[in-house]
There are 2 protein chains.
Amino acid sequence: MSPVATQDIEQARDAALAAADDLFYRRGTSAVSVVEIRDMSGVSLRRLYSMFPSKADLIGGWLTHRHETWMAWLETEVAQRTADGVAPVEAVFDSMTEWLKSSEFRGCAFINTHAETGELTAEHEELIRAHKRALIEFLATTTTRPNELAVIIDGAIVQAAVFKSTRPIESARACASALFGNEMRSAPME
Amino acid sequence: MSPVATQDIEQARDAALAAADDLFYRRGTSAVSVVEIRDMSGVSLRRLYSMFPSKADLIGGWLTHRHETWMAWLETEVAQRTADGVAPVEAVFDSMTEWLKSSEFRGCAFINTHAETGELTAEHEELIRAHKRALIEFLATTTTRPNELAVIIDGAIVQAAVFKSTRPIESARACASALFGNEMRSAPME
DNA sequence: CCATTGTGAGAACGATCATTCTCACAATGG
DNA sequence: CCATTGTGAGAATGATCGTTCTCACAATGG
């Protein structure tokens, strides 16, 4: 039927999503053209459009991919620190601090994309909300007051991006400290 | 020299900024064309470009205008409530809640514009930072811990926009309550 | 009344996009 | 070997933009 180079469909998809992740996150979805993603990924326009029938679909694929990798990253980071005896809330803040300090940090991809209403479809909105809901649910598994914590974290992410500084995360930590009291200052429950 | 209709330069500027405020805030700066601003404001392209030599300048003018009107709005709201005996921190949250509930609410114009890196010049970045700094300074005049409060507020604004809900502001209020204790629960100092 | 000058309306220009199409080729099935 | 079919490279298409330009007019100064 059609075995020609059909094997590397997965590779092509990975390459496309890797390029999308780099370019969309760094410059925003509307400022990046599909041709640029072709140039960076090496995946031809034809294949790109066969995998993602429109740019909106490509953005949707990117959001889904980014959600999975980012959540997995956070869960790993927090798990490692709590395994070392760090209290969960502290573990979350330590992980966040590391992210905010990284040179490629440009804020939350989902918040940023939400701000670009130009091409924000209903499907994208739902992906963004689902990400934020998932973060809150994850926080709920390790801490009390997940909603409050999520508000504090989003505020810190946004301000860190605007001010290009890690100081907002320290303000955020102070908020959490007031909120959680000694839930922050001890190992989980040993 | 050149009195022809030179009188209404100010009116034209106001009309242009009013249209920009409506369109840029609602749909984002990159999704709105200069022609759309002409159509809504009735100000001709020629005049638009004589007042703002480029779209970036128009965006800059809008950010400046929005900063002034928004800060003036907040200061008035907070002053009224504190005059009625409401504690400053509560007054800030009550004002915010009113804003988040308004039908045209679409998040913070400055955070949203910051997320649109496509056409974000150094001048725009500085206007955005200046706005956030000004908010913190205003909070410092009426409350202690302005940095922490600003983080909480930005988090609530972002989440309210994403979730189209006022619940995040209640989470934010709970954070502030933990942070400020009885500074929130009484009239200023009577 | 005439020369001048600022103006509005919108055409024109040049660039960029998202998306589709063409063409030549490579690999397969018979 | 040949017909077929999926493919890459990139040209073509049609739309949209930011910005500038043209042209005709309206109001002024002399």
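Proteins get letters first, then strands, A, B, ... in listed order; numbering begins at 1 in each.
- Salt bridge present: A:R129 and A:E126 bring a charged side-chain N and a carboxylate O closer than 4.0 Å.
- Atom pair A:L48:CG and C:dT20:C1' shows a separation of 14 Å (rounding to whole Å applied).
- Following rounding to the nearest Å, B:R38 (CZ) and C:dA9 (P) show an atom-to-atom distance of 8 Å.
- Using modelled atom types and a 3.5 Å distance limit, the side chains of B:R81 and B:S95 yield a donor-acceptor pair.
- With rounding to whole Å, A:K55 atom NZ is found 4 Å from C:dA18 atom P.
- The residue B:V43 sits apart from the nucleic acid: no heavy atom pair falls under 4.0 Å.
- Dense packing is recorded around CZ of A:R133, with more than 12 heavy atoms of other residues, nucleotides or ligands lying under 6.0 Å away.
- Under the Watson-Crick or G-U wobble criterion, with both distances below 3.5 Å, D:dC25 is paired with C:dG6.
- When both pairing distances are held under 3.5 Å, D:dT13 makes a Watson-Crick or G-U pair with C:dA18.
- A salt bridge is absent between A:K132 and A:E137: the closest approach of a Lys/Arg side-chain nitrogen to an acidic carboxylate oxygen does not fall below 4.0 angstrom.
- In this structure, the side chains of A:E77 and A:E98 come closer than 4.5 Å at one or more pairs of heavy atoms.
- Between the side chain of B:E116 and the backbone N or O of B:S30, at least one donor-acceptor pair lies under 3.5 Å.
- Closest to the A:Y49 side chain, of the nucleotides C:dC17, D:dG8, C:dT19, is C:dT19.
- Remark: P of D:dC17 and CG of B:L58 are 15 Å apart, rounded to the nearest angstrom.
- A salt bridge between A:R173 and A:E170 is present, with a side-chain N of the basic residue lying under 4.0 Å from a carboxylate O of the acidic one.
- Of all nucleotides listed (D:dG8, D:dT20, C:dA18), D:dG8 comes nearest to the side chain of A:S44.
- Look at CD1 on B:I37: it is 13 Å from C1' on D:dC17, rounded to the nearest Å.
- With a 3.5 Å ceiling on both atom-pair distances, the Watson-Crick or G-U wobble partner of D:dG30 is C:dC1.
- Pairing of C:dC13, defined by two Watson-Crick or G-U wobble distances under 3.5 Å, is identified with D:dG18.
- In this structure, A:D39 places its CG atom 14 Å from P of C:dT16, rounding to the nearest Å.
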Give every pair of a protein N or O atom and an N or O atom of nucleotides 21-23 of chain D that lie under 3.5 Å apart, one pair per line with the distance.
| residue | atom | partner | partner atom | Å |
| --- | --- | --- | --- | --- |
| D:dT22 | O4 | B:R46 | NH2 | 3.4 |

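- Distance, A:E36 CD to C:dT19 C1': 16 Å, rounded to whole Å.
- Remark: P of C:dA18 and CG of A:D57 are 13 Å apart, rounded to the nearest angstrom.
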